[in-house]
Protein chains: 2
Amino acid sequence: MLVRDSEPEERRAPRARISDVAQALGLTKATVSRALNGYTDISESTRARVRHKAAELGYTPLSHAQAIRTGRARSLGIVLQVGDQDGQRPFVADFLAGLSSAASAENWTLTVATATTEEDMLATMGRLIDERKADGFVLPRTKVADERIRMLRRLSIPFVLFGRTADPESCAYFDILGEDAMVLAVRHLHGLGHRRIGYIGGGDGFYYSAVRSAGYRTGIEAVGLPFDPAIVGGGAYTVDAGMREADRLLAADEPPTAILCATDMCALGVCRRAMALGLRVGGDLSVIGYDGVPEGAWSTPPLATFEVDSRVAGLHLANLLIRRIRGENPADLRETAHARFLDRGSAARPMMSSAELREHVARATGRRSERRPDR
Amino acid sequence: MLVRDSEPEERRAPRARISDVAQALGLTKATVSRALNGYTDISESTRARVRHKAAELGYTPLSHAQAIRTGRARSLGIVLQVGDQDGQRPFVADFLAGLSSAASAENWTLTVATATTEEDMLATMGRLIDERKADGFVLPRTKVADERIRMLRRLSIPFVLFGRTADPESCAYFDILGEDAMVLAVRHLHGLGHRRIGYIGGGDGFYYSAVRSAGYRTGIEAVGLPFDPAIVGGGAYTVDAGMREADRLLAADEPPTAILCATDMCALGVCRRAMALGLRVGGDLSVIGYDGVPEGAWSTPPLATFEVDSRVAGLHLANLLIRRIRGENPADLRETAHARFLDRGSAARPMMSSAELREHVARATGRRSERRPDR
DNA sequence: CCTCTTGCCGAAACCGGTTTCGGTGCGGAA
DNA sequence: TTCCGCACCGAAACCGGTTTCGGCAAGAGG
């Protein structure tokens with residue numbers, strides 16, 4: 001006769017506790033605990049027996065119970081900033097996937113919080129620390145001078161940067177070498193025949209912005225072009241800002257035939273503005289962005305850009321942070337990788353000289369001002 | 001003389017513990033605990049004193065310590081599926097922002113994990129439950145027959161759906177009424193003059209897919225058009241699938257002058273295919289999607305679609321889940337909202353009749369088959 | 001042969017809460 | 001006056017681990 005599952009009352013097997021393991025071996029839970037935690041005053045033979053029995057019973061220490069004594073919860077913390085700027089938003093899922101799969105491989109968990117402002121972020125991190133919800137933090141979107149770093153240093157809480165910062169003392173990090181990407185982009189444009197290559201930087205204060213600007217400059221000098229502030233803009237990481245800066249650069253005496261942008265959203269703004277001026281992007285004007293946002297693949301022409309593998313970044317960061325929490329030296333916990341160039345239609349050989357471009361832009365803006373005299 | 005901060009050794013004030021509160025009031029920690037947890041055998045005057053002193057000392061129970069006895073960690077769990085299908089990916093950040101801000105308002109936290117397959121997801125949820133890392137779950141992307149629901153029901157773990165399911169028994173949920181959106185879309189297209197309105201459904205098995213299809217049918221009948229299987233496709237939630245289905249629908253004897261899609265990615269595929277056939281989207285063929293993905297704003301013409309407020313969804317879901325965990329009846333925990341129509345260029349009055357469209361498509365595909373004979 | 005290490009493990013306290021159980025003081029009824 | 005019941009709180013066990021301290025036995029050294 002078959003025994004039916006008792007529908008509403010199915011009891012799952014209770015967890016094995018440390019005392020179960022101890023009892024099964026005729027030891028005390030103190031011994032089991034020390035055996036599993038690598039204490040040296042336990043003989044290797046006993047340690048092996050304990051390990052084996054624990055595996056057999058499927059015993060895993062309950063992290064909450066450990067946390068109450070040790071203060072550590074085997075949990076990685078991350079506070080996402082979800083303010084007005086929408087940079088990196090589409091990659092959050094992949095990034096978290098990387099973090100959480102590396103974390104769960106070590107039986108850690110990921111505690112996620114969000115904040116809108118910087119103060120909010122600091123307060124939120126403070127709460128997570130105070131409540132012992134996170135043993136350490138992943139800090140994305142690092143700034144040149146980052147308040148989060150100051151705070152965590154002061155409290156001696158482990159952390160790892162996605163990015164770098166001005167003073168890397170005691171900082172573990174993983175970063176994509178945006179400077180190298182920018183050098184490569186300049187070389188690429190130069191190779192296509194461009195001799196006036198402009199640049200629009202990203203958000204002020206962010207470290208990524210600084211290194212990408214530096215990369216642009218390095219690239220310009222490497223190919224033997226003069227650095228001309230008239231075709232260099234900055235502080236633009238939105239479509240609107242990109243449009244505004246595009247106007248400025250294109251109004252220069254010797255306008256750029258190619259514009260390199262620190263972010264894709266800025267680059268998309270440049271494209272939009274260029275088209276509004278009657279310029280064919282990827283012909284009259286070339287544009288290269290950075291980030292690999294999905295929108296770029298759908299603009300016309302598709303945006304040439306640098307793709308970042310957010311999942312891999314998450315994997316690395318989680319591993320680094322766990323090692324950091326376990327006490328490794330931050331100087332040994334620094335890794336970098338490269339972005340992948342996506343050569344798409346927005347970057348091509350120049351079809352106009354800078355002088356012709358200047359004429360075209362003048363006509364286009366001139367006509368507009370005729371329609372709206374005196375503004 | 002100023003006392004300098006001792007740079008490396010800054011000790012933050014230790015947390016107030018329950019015994020501190022008890023001692024300050026001359027009570028035992030048992031009394032304090034019961035007072036704060038609403039036990040009735042504590043006089044109101046004592047309860048007030050305890051509350052006041054706890055606030056004064058900044059005392060908050062440590063959730064880990066509570067968890068060890070109560071089994072509840074004041075943590076919401078969510079497992080994101082990050083497989084090949086890239087639906088909803090861009091909204092994850094907003095969604096999590098909603099969840100986490102509602103959670104932290106009640107002093108709960110959000111534990112995030114990811115999975116690639118369905119088995120992986122069930123295993124991951126099982127681990128979170130077993131380790132008591134999550135007291136309940138938010139289940140996004142619900143299916144008509146959802147294994148996660150079966151599992152959580154069996155284990156009596158609270159959960160709340162983002163979406164609905166075939167058997168809503170014991171289910172709390174928040175959902176966007178996709179059926180209403182589809183009705184509205186059909187009405188809108190009909191109002192523009194379309195008389196042949198096709199439809200392409202979303203992922204098989206997902207509940208959203210079922211309700212949107214139903215909405216299309218309701219709309220078609222409401223405006224008095226016949227339901228014609230020849231211009232209805234399904235199972236398409238990617239660009240490629242959208243292109244494939246577009247081919248099929250446009251090859252019908254009486255092709256649609258407008259195609260409504262259950263997802264934006266599918267709709268973008270339709271647009272791409274239509275353009276490849278020489279059709280002007282938003283003229284020769286109208287297209288409406290659903291989801292509000294950012295790519296839609298950058299395609300040409302921009303995609304008409306329905307925007308979902310993921311942050312608000314997260315807020316509602318977190319609140320519902322917390323109430324569910326606290327024991328409220330699931331039938332009382334059901335909320336719905338509407339998507340917002342974004343009327344953009346891809347949907348306009350028809351510029352061709354269905355018959356003309358048929359001719360055009362035949363010529364376009366005909367020329368192609370001339371170039372590649374016998375195939 | 002006796003002491004002194006050293007290796008190895010048990011006993012018990014502890015972490016910060018929750019929950020069970022029992023006891024006290026008081027008012028009202030007998 | 002005595003007994004009973006109720007309102008209210010304290011004492012102690014408990015949750016599942018970790019860590020301190022000390023003790024025992026075996027081997028080394030004198």
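The sequence lines fix the lettering, A, B, ..., with proteins before strands; numbering per chain opens at 1.
A donor-acceptor contact under 3.5 angstrom links the side chains of Ser100(A) and Thr114(B), judged on distance only. A donor atom on one side chain and an acceptor atom on the other are found under 3.5 Å apart for Ser75(A) and Thr111(A). With no hydrogens or angles considered, a side-chain donor-acceptor pair links Arg153(A) and Ser170(A) at under 3.5 Å. Residues Thr116(A) and Asp120(A) have side chains that bring a donor and an acceptor to within less than 3.5 angstrom of each other.
Listed in residue order, the members of residues 64-71 of chain B having a heavy atom less than 4.0 Å from DNA chain C are Ala65(B), Gln66(B), Ile68(B), Arg69(B), Thr70(B). Near DNA chain C, meaning a heavy atom under 4.0 Å away, the residues from residues 34-52 of chain B are Arg34(B), Asn37(B), Tyr39(B).
Under the side chain to side chain donor-acceptor pair (under 3.5 Å) criterion, Arg17(B) pairs with Asp20(B), not counting sequence neighbours. Every residue was checked against the side chain to side chain donor-acceptor pair (under 3.5 Å) condition with Thr109(B), not counting sequence neighbours, and none meets it. For Arg334(B), the side chain to side chain donor-acceptor pair (under 3.5 Å) test picks out no residue, with sequence neighbours left out.
The span of DNA chain D lying next to chain B, judged by atoms under 4.0 Å from heavy atoms, is bounded 5' to 3' by dC8(D) to dG16(D).
The main-chain N or O of Thr142(B) is never found under 3.5 Å from a side-chain atom of Asp146(B) such that the two would form a donor-acceptor pair.
Using cut-offs of 30° and 60° on the angle between ring planes, the pair Phe174(A) and Phe162(A) is tilted.
Take the nearest nucleotide of DNA chain D for Ser33(A) and for Gly26(B): the residue whose nucleotide is more 5' is Gly26(B).
Within the 4.0 Å cut-off from OP1 or OP2 of dG10(C), at least one side-chain nitrogen or oxygen of Thr28(A) is found.
Distance check, rounded to the nearest 0.5 Å: OG1 of Thr60(A) to CD1 of Ile18(A) gives 11.5 Å.
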